[in-house]
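A quick write-up on the structure given underneath.
The sequence lines fix the lettering, A, B, ..., with proteins before strands; numbering per chain opens at 1.
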Protein chains: 2
Amino acid sequence: MEKTDTAPRPDRKSPSWTQDPEGVRRSILEAARIEFVEHGLSGARVDEIAAKTATSKRMIYYYFGDKEGLYRAVIEEMYDRIRRFERGLDLGALPPDEAMAKLAGFTFDYHADNPDFVRMVMIENIHHARHLATSTKIATLNLSIIDVIREIYEGGVAAGLFRPGLEALDIHLTISALSFYNVSNRASIRQVFGHDMGAPDILPQRRQTAIDTVMRMLRH
Amino acid sequence: MEKTDTAPRPDRKSPSWTQDPEGVRRSILEAARIEFVEHGLSGARVDEIAAKTATSKRMIYYYFGDKEGLYRAVIEEMYDRIRRFERGLDLGALPPDEAMAKLAGFTFDYHADNPDFVRMVMIENIHHARHLATSTKIATLNLSIIDVIREIYEGGVAAGLFRPGLEALDIHLTISALSFYNVSNRASIRQVFGHDMGAPDILPQRRQTAIDTVMRMLRH
DNA sequence: GACCAAATGAACCAACTGGTACAATTTACC
DNA sequence: GGTAAATTGTACCAGTTGGTTCATTTGGTC
């Protein structure tokens with residue numbers, strides 16, 4: 001996302017192709033993300049990914065071993081991103097209630113703006129999070145968001161703003177659920193109820209409802 | 001579900017097999033449900049469904065046309081069930097706050113008790129609810145749950161129990177989100193946070209939190 | 001008990017799909 | 001400019017998969 005540029009170094013002679021491992025890797029990962037997000041793990045076709053790529057199927061297997069290895073790489077990349085997002089939150093300076101409302105809003109927006117992430121998490125859950133379990137990268141980190149929430153929440157309780165007795169995880173799950181569901185179930189909601197929760201004239205209201213709901217959950 | 005019994009009529013001679021269209025249909029549908037729920041539409045294998053069935057692959061195509069036809073039939077059956085559940089709710093006699101709390105609890109329980117339904121809805125959303133759209137059966141009904149909620153909500157507003165200005169759909173989506181998410185994302189939540197939301201010692205607390213959250217959303 | 005539509009069985013197949021064998025080319029490094 | 005390791009291209013394949021062909025059996029009807 002930051003720099004999509006493949007950066008082909010200036011070539012002296014005139015090689016039929018230029019080596020660019022990192023560029024190839026990124027190109028494959030992006031094509032794979034698009035394909036997996038759209039069709040799931042079993043629905044995705046390696047040949048289709050290869051076709052979307054600047055390079056060939058051969059490279060996919062060279063860099064990622066097999067289809068699942070590629071899928072795992074896509075998952076890891078997405079979790080990396082949301083972790084960076086969570087780390088990037090800077091709410092320390094705000095009073096607890098404002099911090100929590102802002103956190104809920106940010107979380108809602110992140111989901112609304114990244115349906116690919118939401119779909120990938122759905123797909124991974126269909127597979128019982130088997131690949132999350134396998135991944136060595138993902139096992140190591142996380143939980144930072146829970147710490148953030150706990151800190152804000154305890155500050156809020158100390159300040160008399162929030163009622164005591166709640167679990168940080170419970171708060172996080174509530175925020176997540178209210179942020180995730182509109183995106184993950186957008187298609188079926190639209191079919192069944194005729195409302196498109198992603199439409200620009202509906203989303204803001206749903207966003208406000210989500211934030212309000214979280215704040216009402218916390219206050220006395 | 002009601003009577004699994006295949007009812008082989010008493011045979012006169014000794015036929016190598018007994019005709020039983022309804023039994024065969026049901027047997028196929030059940031096998032298909034299990035397979036689709038576990039592996040999704042593209043991940044499911046028709047041969048595997050056939051193997052789980054008392055009959056042969058031939059019959060699947062005889063009764064359901066093709067793989068997607070079978071999938072659609074499974075989806076329709078599940079939506080039939082939840083519609084029956086929603087219709088079966090009898091909350092009219094209760095005061096609005098109790099009715100709403102009970103509805104939230106029932107909805108939560110239905111999701112917790114029917115992970116197959118939840119997974120199927122996830123899978124269908126991965127496919128952009130394309131099959132819900134195609135299905136003629138599903139297009140005709142639904143919305144009853146929204147009416148139920150609206151009635152309760154307006155009663156609550158009239159009685160001064162609930163704050164005005166909310167949409168019935170918004171209330172339903174909040175209840176659904178809080179009921180759906182724990183089940184749909186159970187695997188990834190467990191991987192990332194180490195908590196199994198389906199565990200019998202955790203589920204009741206989450207249930208109570210969900211109900212509380214809904215009620216706090218409604219009250220003044 | 002003859003007849004026919006509905007229901008079922010068993011083997012088969014063409015297309016697809018993940019993955020590979022075999023080289024060829026490029027680049028870093030001396 | 002020679003050498004080896006890293007990187008890429010091309011053609012190919014064996015197993016799988018959704019779907020079908022062809023023949024047979026069953027059960028109701030007259």
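The stretch residues 56-65 of chain B touches DNA chain D through B:Lys57, B:Arg58, B:Tyr61, each having a heavy atom under 4.0 angstrom from the strand.
Atom CD in A:Glu22 sits about 15 Å away from atom P in D:dA6, given to the nearest Å. In this entry the distance linking CG of B:Leu70 with P of D:dG18 reads 11 Å, nearest Å. Straight-line distance from the OH atom of B:Tyr71 to the P atom of D:dG18: 15 Å, rounded to whole Å. Taking atom CG on A:Asp47 and atom P on D:dC13, their separation rounds to 16 Å, with Å as the unit. Regarding A:Glu48, its CD atom lies at a distance of 13 Å from the P atom of C:dC16, rounded to whole Å. The distance from atom CZ of A:Arg45 to atom C1' of C:dA15 is 12 Å, rounded to the nearest whole Å. Whole-Å rounding puts the A:Ile49 CD1 to C:dC16 C1' distance at 15 Å.
Qualifying side-chain hydrogen bond (donor to acceptor under 3.5 Å, both in side chains) partners for A:Ser188, counting only residues two or more places apart in sequence or in other chains: B:Asn125.
Under the 3.5 Å distance criterion, the side-chain polar atoms of A:Ser27 are left unmatched by any main-chain donor or acceptor of A:Gly23.
Among all heavy-atom pairs drawn from B:Ile149 and B:Met100, the shortest one is O-CE, 4.1 Å.
The 12-atom threshold is exceeded at NZ of A:Lys52, counting heavy atoms of other residues, nucleotides or ligands nearer than 6.0 Å. By the neighbour-count criterion of 12 heavy atoms within 6.0 Å, atom CZ of B:Arg130 is densely surrounded, having more than that number from other residues, nucleotides or ligands.
B:Ala44 comes within 4.0 angstrom of the backbone, heavy atoms only, and of no base.
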Go through the steps for B:Gln191 and A:His128 under the test side chain to side chain donor-acceptor pair (under 3.5 Å), then give the verdict. CA-CA 9 Å; B:Gln191 280 306 320; A:His128 302 289; over 6 Å; no
